[in-house]
Amino acid sequence: MKLPKTYQPSEHEDSIYALWEKSGAFQPSGKGKPYSIVMPPPNANANLHLGHGLTLAIEDILIRYHRQKGENVLFVPGADHAGFETWVVYEKKLVQEGKSRFDFSREELYKQIWDFVAKNKDNYERQFRQLGASPDWRHYVYTLDDKIVKRAYATFKKMFKEGRIYRAEKLVNFCTYHGTGFADIEVAHKEEQGHLWHIRYPLTDGSGEMVVATTRPETMLGDTAVAVNPGDKRYAKLVGKTIKLPLTHREIPILADDFVDMEFGTGAVKVTPAHDPNDFEIGQRHDLPLISVISHEGKLVDVPENYRGMSVEEGRQKILAHLKEQGFLLKTEKHTHSVGHCYKCDTVIQPLLREQWFIDVQPLAKRAIEQLKNKKIVFHPESKRDQLIKYLEGLRDWNISRQIAWGIPIPAFQNVDDSDDWIYDDRVKEEIIEVEGKTYRRDPDVFDTWFSSSSWPYATIDYPDGDDFKTFYPLSVMETAADILYPWVSRMIMFGLYVTDEIPFREVYLHGLIQDEHGQKMSKSKGNVVNPIDKVKEYGSDAFRMGIISDESAGKNRPYDESKLVGARNFANKLWNITRYIEDVLGDETAREETKPNTAADHWILSKLQQSQKKICQDLDSYRFAEAYNTLYHFVWDDLADWYIEASKTDPNKPLLAYLLEKVLILAHPFAPFLTETIWQTLAWENESVLAVRVIKETSPFDSKQAEEFGEVQAIVAEVRAIQRALKVSGVTLQHDNISFLNNNSGVIKRLARLKSVAIAKKGSGIQLTGTKHACWLNIEVSQARKYAKELSDKHERQKAIIKQLEGRLANKNYVENAPGKIVDQTRQQLTEAKELISAIETEQKRYAS
RNA sequence: GGGUGAUUAGCUCAGUUGGCUAGAGCAUCUCGUUUACACCGAGAGGGUCGGGGGUUCGAGUCCCUCAUCACCCACCA
């Protein structure tokens with residue numbers, strides 16, 4: 001025996017992977033229909049988590065399966081510099097070392113982080129190999145590669161020239177800890193228990209007061225108006241008058257604006273255009289001045305001296321205390337509201353005025369929405385399409401500037417003498433450039449990472465002139481995590497249409513989050529993170545892959561379940577042992593080209609193979625990974641191992657066994673690439689043959705009538721086993737009146753049912769089987785068999801119930817008239833069979849009763 | 001405030017256009033060492049498909065409603 005008793009993944013995986021790479025198995029074949037997937041680039045600097053494991057499992061199953069269909073397959077691997085994410089990690093490291101980002105110039109920081117990431121990048125590439133991913137590594141792309149940066153610049157330039165990108169001073173979501181702005185979508189909103197403070201604002205003319213309600217009293221120092229609804233009778237007379245703002249004594253107008261909700265609070269709103277997006281818009285409509293009272297460091301500035309330099313929270317307390325002292329604070333209410341936080345450090349996001357680059361997204365969104373509505377892209381799950389459309393419809397302009405060092409520098413320069421004069425230029429290594437006799441200074445900011453990754457589907461394959469682009473675009477599938485539908489998928493679609501005039505991919509498959517076993521989100525802080533590489537080491541790469549997809553359903557979050565990995569490990573071992581057995585039986589006889597099914601079992605297993613292969617292919621074509629795996633599992637374990645191989649032990653059909661093994665290895669390959677290739681290489685049935693590039697072919701023909709007859713064998717075996725168990729007998733003989741079917745299958749039945757023999761006899765005494773159309777009986781004394789009467793009577797009851805139900809159905813005129821003829825016939829057929837069965841049971845019962 | 005998904009066996013989940021007695025894996029229990037495999041084999045038990053209503057000859061599946069849970073979006077001062 002060449003193979004050891006259990007499959008030891010770690011002994012084979014590395015060398016098998018090396019073999020694949022050396023053989024060129026992962027390269028596009030250049031023949032057949034193009035099929036392409038570009039990997040969502042994982043953060044090059046981070047450790048893999050289960051999400052990566054799932055992503056690669058799904059993508060690699062698709063990729064390997066499409067290779068097996070004979071397609072021209074391109075799988076592009078990549079890695080992400082992950083701008084802000086990595087920046088945060090690096091900054092933490094600096095802090096641990098007692099340094100800070102302020103100790104270095106941006107250029108120095110960029111260089112340091114580049115080296116820092118470079119060290120970790122190899123780590124993740126190795127881990128992808130351990131997971132069995134089969135990309136063409138020659139195509140490896142890093143998000144800071146020249147071609148990606150150039151593409152980002154080309155897009156920026158096009159948008160800049162066409163007026164799709166503009167520079168403006170607007171309110172930006174700003175994290176005062178990290179010192180950078182964010183796009184709307186990056187802000188993490190949280191429900192918080194806060195307060196609604198009612199503050200008296202006295203009229204300047206002394207004729208009374210207004211009461212405003214606010215959750216952020218500290219911003220009152222930047223108020224430039226009080227607004228009421230134009231239809232609010234309570235305040236109609238006051239519109240046009242002015243307020244004397246408490247604490248600062250600044251005079252501000254009372255104005256009417258539709259935005260104000262009469263029902264909320266007091267119906268009067270303080271307007272702080274520099275620190276609230278709604279107020280900003282009111283300010284624009286009414287031409288109000290902008291007074292910034294919070295700095296980018298989160299301190300109060302441009303305020304009366306006694307508040308200056310305080311943090312927002314300190315200032316709030318101080319101001320409230322003063323308002324109270326001076327009798328301006330009318331009341332304090334509890335109030336829950338949603339507050340934006342930095343998703344990394346949890347600092348409250350401040351809307352701050354800042355000049356940034358924005359993309360005018362609605363025109364881009366419009367095109368995307370059109371294509372989505374026309375179903376030009378297929379979604380799995382389908383429901384995500386409408387969600388995406390809704391999102392795009394409400395999308396506001398996208399802030400793409402980030403004030404961090406780690407990222408792609410924005411290729412824009414500002415005239416030092418004219419702050420409104422911005423030009424595009426890609427000489428980003430220069431801080432100062434001269435153009436047409438004017439001096440320009442580079443924008444110190446970098447792009448939002450998502451800006452460059454929006455071009456990922458075509459930038460990676462060399463748009464516009466590369467051969468890959470011409471062959472493989474649009475991509476076949478974009479497979480990624482459901483939670484980046486908005487930040488990434490939406491933008492790839494918008495950018496793809498804008499830049500290439502085509503949808504970037506034909507289908508989108510979104511997978512859900514893998515939570516911990518209790519349904520909690522996995523996170524470092526909770527300490528419930530599972531490292532996929534640990535699991536690969538524990539159970540094998542294939543077991544990890546099969547286990548992780550065995551519950552997969554598009555778009556659905558689901559808990560991690562280690563027992564699935566154990567089950568998959570056992571399945572891998574089952575396949576291993578099937579191989580050991582077949583190899584042992586075959587010896588040197590490995591011919592398998594011509595299958596000649598002889599027995600009912602032979603025909604039956606070929607029919608099962610055909611059904612299973614068809615089902616697996618259909619399931620994979622429709623992204624039903626768990627179903628496909630399940631079909632494979634049951635074909636291999638139940639049909640092949642438990643029935644066919646056991647049946648074949650009496651008289652093995654060697655070419656057929658060899659044929660079945662090869663077929664199974666091919667079918668199982670996308671699910672268990674290492675195991676199947678290891679087996680294939682160990683068998684060495686063909687020289688220089690790599691399983692990974694073999695294609696799925698039509699299965700061998702069989703006779704379906706004979707295949708069906710194996711069902712009788714199974715029925716007889718099952719009943720004999722049941723009787724023997726019930727009566728605790730063994731060594732019995734099955735007798736029949738020279739029936740050819742039983743003669744033909746006697747060896748198999750004897751073996752599977754653990755009989756002493758199958759013999760010909762004249763209708764004799766003993767227990768007659770009731771579950772088969774063939775008359776046969778066991779040589780067990782009726783007296784002894786009486787013990788079996790209970791089982792028989794249970795069986796009788798069950799049959800009676802079935803008959804009653806079927807008869808009832810057929811007695812229902814409406815059913816017979818309205819149900820399709822096929823269904824009604826089926827019911828009649830069932831009734832006939834049930835009656836035959838019950839009469840056989842009754843005959844037996846009478847014999848015991850005597 | 002808006003949206004999406006979920007609710008099926010003890011646990012984790014399938015159940016594709018409504019149609020055999022609702023399935024699987026794990027767990028539990030019984031029996032078993034038989035030319036690969038105890039990471040095994042043969043079996044068994046376990047479900048009023050979240051509640052209520054409706055459509056239909058027929059509903060886990062379609063419609064309405066209620067409840068619970070989860071997630072996402074949102075500029076409610």
Side-chain angles (χ1 to χ4, degrees), chain A residues 1 3 5-7 171 184-185 189 196 212-216 227 259-261 263-272 276-281 335 337-338 340 351 381 383-384 386-387 390-391 394 396 482-483 485-486 512-513 515 517 519 521 539 543 550-551 553 555-564 566-585 618-619 622 624 626-627 630 633-634 641-642 645-646 649 717-718 721-722 724-725 728 751-752 754 798 801-802 805-806 809 812-820 822-824 826-827 829-830:
Chain A
M1 201 161 289
L3 305 174
K5 216 168 172 177
T6 50
Y7 172 55
L171 281 188
D184 293 341
I185 194 160
H189 293 273
L196 197 54
V212 300
T214 181
T215 53
R216 302 197 55 192
F259 166 77
V260 182
D261 176 1
E263 308 294 315
F264 191 91
T266 61
V269 188
K270 59 191 268 319
V271 182
T272 322
D276 181 279
N278 289 315
D279 294 3
F280 182 80
E281 280 173 19
H335 179 64
H337 58 148
S338 173
S383 62
K384 296 288 178 186
D386 290 341
Q387 286 181 39
K390 264 198 191 111
Y391 172 75
R396 291 148 57 106
D483 60 357
L485 175 66
Y486 299 154
L513 215 63
Q515 303 146 327
E517 57 250 289
K521 196 170 174 173
Y539 299 107
S550 69
D551 267 343
S553 177
K556 263 179 74 167
N557 295 351
R558 58 201 164 86
Y560 172 70
D561 183 354
E562 186 139 329
S563 75
K564 305 276 175 181
V566 174
R569 191 268 321 262
N570 295 352
F571 177 61
N573 193 54
K574 190 73 189 177
L575 205 49
W576 181 257
N577 274 290
I578 286 170
T579 305
R580 286 177 69 218
Y581 171 76
I582 292 177
E583 193 193 27
D584 193 32
V585 168
Q618 279 172 353
D619 284 338
S622 47
R624 299 161 67 86
E627 288 274 296
N630 197 41
Y633 181 96
H634 288 287
D642 289 345
I645 287 183
E646 289 309 319
K649 280 178 180 172
V717 168
R721 282 171 178 166
Q724 289 177 319
R725 187 169 43 244
K728 297 190 167 55
R751 177 176 185 86
L752 295 179
R754 314 204 66 75
R798 253 179 280 141
I802 289 168
Q805 195 190 8
L806 292 171
R809 200 180 294 169
N812 180 347
K813 228 189 207 165
N814 287 325
Y815 174 68
V816 179
E817 279 166 15
N818 294 320
K822 214 175 75 188
I823 299 286
V824 178
Q826 196 185 328
T827 309
Q829 176 67 26
Q830 285 164 359

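Note on naming: letters A, B, ... go to the chains in the order of the sequence lines (proteins, then strands), and numbering restarts at 1 for each one.
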Which nucleotide wins on minimum distance to the side chain of A:D642, given the candidates B:A36, B:G41, B:A77?
B:G41
What I'd like to find out is whether the side chain of A:I645 reaches to under 4.5 Å of the side chain of A:I582, using heavy atoms alone.
yes
Nearest-Å distance for atom pair CZ/P, residues A:R725 and B:G32
12 Å
Determine whether any donor atom in the side chain of A:R580 lies under 3.5 Å from an acceptor atom in the base of B:C37, or the reverse, and answer yes or no.
no
Assuming nearest nucleotide by heavy-atom distance, tell me which of A:N814 and A:R751 is located more 5' along RNA chain B.
A:R751
For A:A568 and A:A543 the tightest heavy-atom approach is CB-O, 3.4 Å
On a plain distance test, is the side chain of A:K384 in donor-acceptor contact with the base of B:U4 below 3.5 Å?
no
Determine whether A:R624 and A:Q618 make a side-chain contact, defined as any pair of heavy atoms from C-beta on separated by less than 4.5 Å.
no
Could you give the CG-to-P distance, from A:D561 to B:A14, as a whole number of Å?
12 Å
Could you provide the dot-bracket string of RNA chain B, using ( ) for intrastrand pairs, [ ] for crossing pairs and | for bases paired to another strand, with Watson-Crick or G-U pairs below 3.5 Å?
(((((((..((((.....[...)))).(((((.......))))).....(((((..]....))))))))))))....
CG of A:D386 versus C1' of B:U4: gap in Å, rounded?
11 Å
Rounded distance (nearest 0.5 Å) linking atom NZ of A:K390 with atom CD of A:Q387
8.0 Å
Counting side-chain heavy atoms from CB outward, which of B:C26, B:A36, B:C13 is closest to A:Y633?
B:C26
Provide, to the nearest angstrom, the distance between the NZ atom belonging to A:K390 and the C1' atom belonging to B:C72.
12 Å
Expressed in whole Å, how much space separates the C1' atoms belonging to B:G15 and B:G53?
25 Å
Answer with base, sugar-phosphate or nothing: what part of the nucleic acid does A:Y486 contact at a heavy-atom distance below 4.0 Å?
sugar-phosphate
If I take atom CZ in residue A:R569 and atom C1' in nucleotide B:C26, what distance separates them, rounded to the nearest angstrom?
13 Å
Taking only the side-chain nitrogens and oxygens of A:N570, find out if one of them lies under 4.0 Å from OP1 or OP2 of B:C39.
no
A:H335 side chain N/O closer than 4.0 Å to the phosphate oxygens (OP1, OP2) of B:C76?
no
A:Y7 OH - B:C39 C1' separation (whole Å):
14 Å
Categorize A:K5 for me: base, sugar-phosphate, or nothing, with a 4.0 angstrom heavy-atom threshold over every strand shown.
sugar-phosphate
So what does A:A626 hit on the nucleic acid, given a heavy-atom distance under 4.0 Å: a base, only sugar-phosphate, or nothing?
nothing
If you only use heavy atoms from C-beta on, which nucleotide in B:U16, B:A24, B:C57 is closest to the side chain of A:H634?
B:A24
Would you classify A:D261 as touching base, sugar-phosphate or nothing, given that sugar-phosphate means primed atoms plus P, OP1 and OP2, and contacts are heavy atoms under 4.0 Å?
base
With a 4.0 Å cutoff (strictly under), does any side-chain N or O of A:S553 reach OP1 or OP2 of B:A14?
yes
Of the options B:C39, B:A77, B:G19, whose atoms approach the side-chain atoms of A:I823 most closely?
B:G19
Could you check how far CG of A:N818 sits from C1' of B:G19, rounded to whole Å?
13 Å
Closest to the A:N630 side chain, choosing from B:U4, B:A24, B:U35
B:A24
For A:L806 versus A:Q830, what's the shortest heavy-atom pair and its separation?
CD2-OE1, 3.4 Å
Between B:C39 and B:C26, how far is it from one P atom to the other, in whole Å?
13 Å
Counting the atoms with a prime plus P, OP1 and OP2 as sugar-phosphate, which does A:S622 contact under 4.0 Å by heavy atoms, base, sugar-phosphate, or nothing?
nothing
base_contact_polar (B:A36 base, A:K649 side chain, donor-acceptor, <3.5 Å)
yes
P spacing across the pair B:G5 / B:C62, given as an integer number of angstrom:
11 Å
What interatomic distance, in whole Å, is found between C1' of B:U33 and the corresponding atom of B:U28?
23 Å
Cation-pi check, A:K574 onto A:Y633 ring (under 6.0 Å, within 45° of axis):
no
Using whole Å, what does the distance between atom C1' of nucleotide B:G25 and atom CG of A:D551 come to?
9 Å
Of the candidates B:C39, B:G43, B:G15, the side chain of A:R624 sits closest to B:G15
For the residue pair A:L485 and A:Y391, establish whether any side-chain heavy-atom pair is separated by less than 4.5 Å.
no
Look at A:R809 and B:U21 and indicate whether a side-chain polar atom (N or O) is within less than 4.0 Å of OP1 or OP2.
yes
Sugar-phosphate, base or nothing in reach of A:R721, heavy atoms under 4.0 Å:
sugar-phosphate
Once hydrogens and angles are ignored, does a donor-acceptor distance under 3.5 Å link the base of B:A70 to the side chain of A:Q515?
no
Indicate, with a heavy-atom threshold strictly under 4.0 Å, whether A:G340 touches base, sugar-phosphate, or nothing.
nothing
Please work out if A:A641 contacts a base, only the sugar-phosphate, or nothing of the nucleic acid, heavy-atom cut-off 4.0 Å.
base
Taking only side-chain N and O atoms of A:N557, does any of them lie within less than 4.0 angstrom of OP1 or OP2 on B:A6?
no
I need the minimum non-hydrogen distance between A:K270 and A:R216, along with the two atoms involved.
NZ-O, 4.0 Å
Distance, P atom - from B:U56 to B:U16, rounded to whole angstrom:
23 Å
Would you classify A:V260 as touching base, sugar-phosphate or nothing, given that sugar-phosphate means primed atoms plus P, OP1 and OP2, and contacts are heavy atoms under 4.0 Å?
base
Could you tell me which non-hydrogen atom of A:H335 sits nearest to which non-hydrogen atom of A:T215, and how far apart they are?
CD2-CG2, 3.6 Å
Counting any heavy atom closer than 4.0 Å, what does A:Q830 reach on the DNA or RNA strands: base, sugar-phosphate only, or nothing?
base
Choosing from B:A74, B:C57, B:A77, which nucleotide comes nearest the side chain of A:S338?
B:A74
With a 4.0 Å limit, can you tell me whether A:K556 has a side-chain N or O closer than that to the phosphate oxygens OP1/OP2 of B:U12?
no
Separation of the P atoms in B:G60 and B:U21, to the nearest angstrom:
12 Å
Taking the six-membered ring for Trp, are A:Y7 and A:W576 parallel (under 30°), tilted (30 to 60°) or perpendicular (over 60°)?
tilted
Considering every strand and a 4.0 Å limit on heavy-atom distances, what is the contact class for A:E627: base, sugar-phosphate, or nothing?
sugar-phosphate
In whole Å, what separates the C1' atom of B:C49 from that of B:U8?
4 Å
Looking at A:R558, does any N or O in its side chain come under 4.0 Å of the phosphate oxygens OP1/OP2 on B:U12?
no
